[in-house]
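FYI, the numbering just counts along the sequence from 1.
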Amino acid sequence: MAAPAVARPTIAAKERGPGPARYSLPGTTGRVGHDKTKKASPSYSFGLKTGSIFVKSTTPGPCHLVSPSYTRRGKEGNPQYSLAGRHKDLAPFLTPSPNRYAAEKVPMLREKSSPAFSMGSRSLYRRADSTPAPSAYTLPKLLGDKITGKVSSAAYSMRARPKVGGFDEDLARTPAPCTYTKPESGRYMRAPPHYSMQGRQFMPGDSTMKPGPGQHCPEKVMITSRSAPCYSMGTKHSDYVCPLIIDVGDE
C-alpha cells in the first residue's frame, strides 16, 4: 500500500514574480496598439497614385529650351575664342661647324695611295696540320744534380739544426738568469708593516623600517574629531535562511 503524501509548507522565496522589465506600457504612436488613456493624433494613410485626368502634354521639358542667341541664321553675338596649348617650335637645321669636317679621311680617288688591308678572323686548322708550334718545345733546366748531358756543380740540401752535438748544446744543464725569481726585500732587509683589509663595522642600532613624513596622513585620522557615518558592505545571505526569532509570545 502506497504511503500517503506528506504536505510540506510552501517557501515564499520560491514563488517569485517577473521583474519590472517584464511589464511594458502601450505605445503612443501609430493607430494599432495605441494607449487608450492618451489622446491620439490624426493619422493618414498613403494611397495609390491615380491616373491623370488631364490631357497628356507632349511639349518638351525645360532641358530642351533653346538659347535666345540662336536664330535661323545661326548664333549671333560677340566672337568667342578658346585657349589651346602652345605648339612646339620647329627644330631648325643645325649646320655643322668647320671643325666637324675631316678632310684627311676623305679618300683621294685620282691619287695614288698605300695598299689597305682588313684584318679577318683566323681560319681553322686542318686535321693534317697537327705539328706543334715552336713555343711547345722547352729546353732542360740547368739547375740541380739531375742533368744528364751537362756538368753540374755541387748541390747542398738544407736541414734543421740538431740539438745534440751542436755548438749551442748545454751539456751542464745550467739554468739561465731569467730562471731565478727576485726575492722579496723583507727577507734580507727590515720588512715594512703589513695591513689587511677587513669588512666595515656598523654601529649597533634598530634596523626596522621607519615611515617617512610623506607616509603620514593626518587628514584621515577621525578619532579626535566628529566624522560622518560610514557603512560597510556585507555578504549576500541566502533567501532560504530563516530569521532568528528570540521573543516568542504565548499563544
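Taking all atoms of both residues into account, the shortest heavy-atom contact from H34 to T29 is CD2-N, 4.0 Å.
Counting heavy atoms of neighbouring residues, nucleotides and ligands inside a 6.0 Å radius, atom CD of Q198 does not exceed 12 of them.
Shown here are the side chain to side chain donor-acceptor pair (under 3.5 Å) partners of S97, two or more places apart in sequence or in another chain: N99.
The stretch residues 206-217 participates, sequence neighbours left out, in these salt bridge (Lys or Arg N to Asp or Glu O under 4.0 Å) pairs: D206-K210.
Cluster partners of Y188 are M189, counting Ile, Leu, Val, Met, Phe, Trp and Tyr whose side-chain heavy atoms approach within less than 4.5 Å, directly or via other members.
Atom CD of residue E219 and atom NE2 of residue H216 lie 12.0 Å apart, to the nearest 0.5 angstrom. Atom OG1 in T71 sits 5.0 Å away from atom CD in E76 (nearest 0.5 Å).
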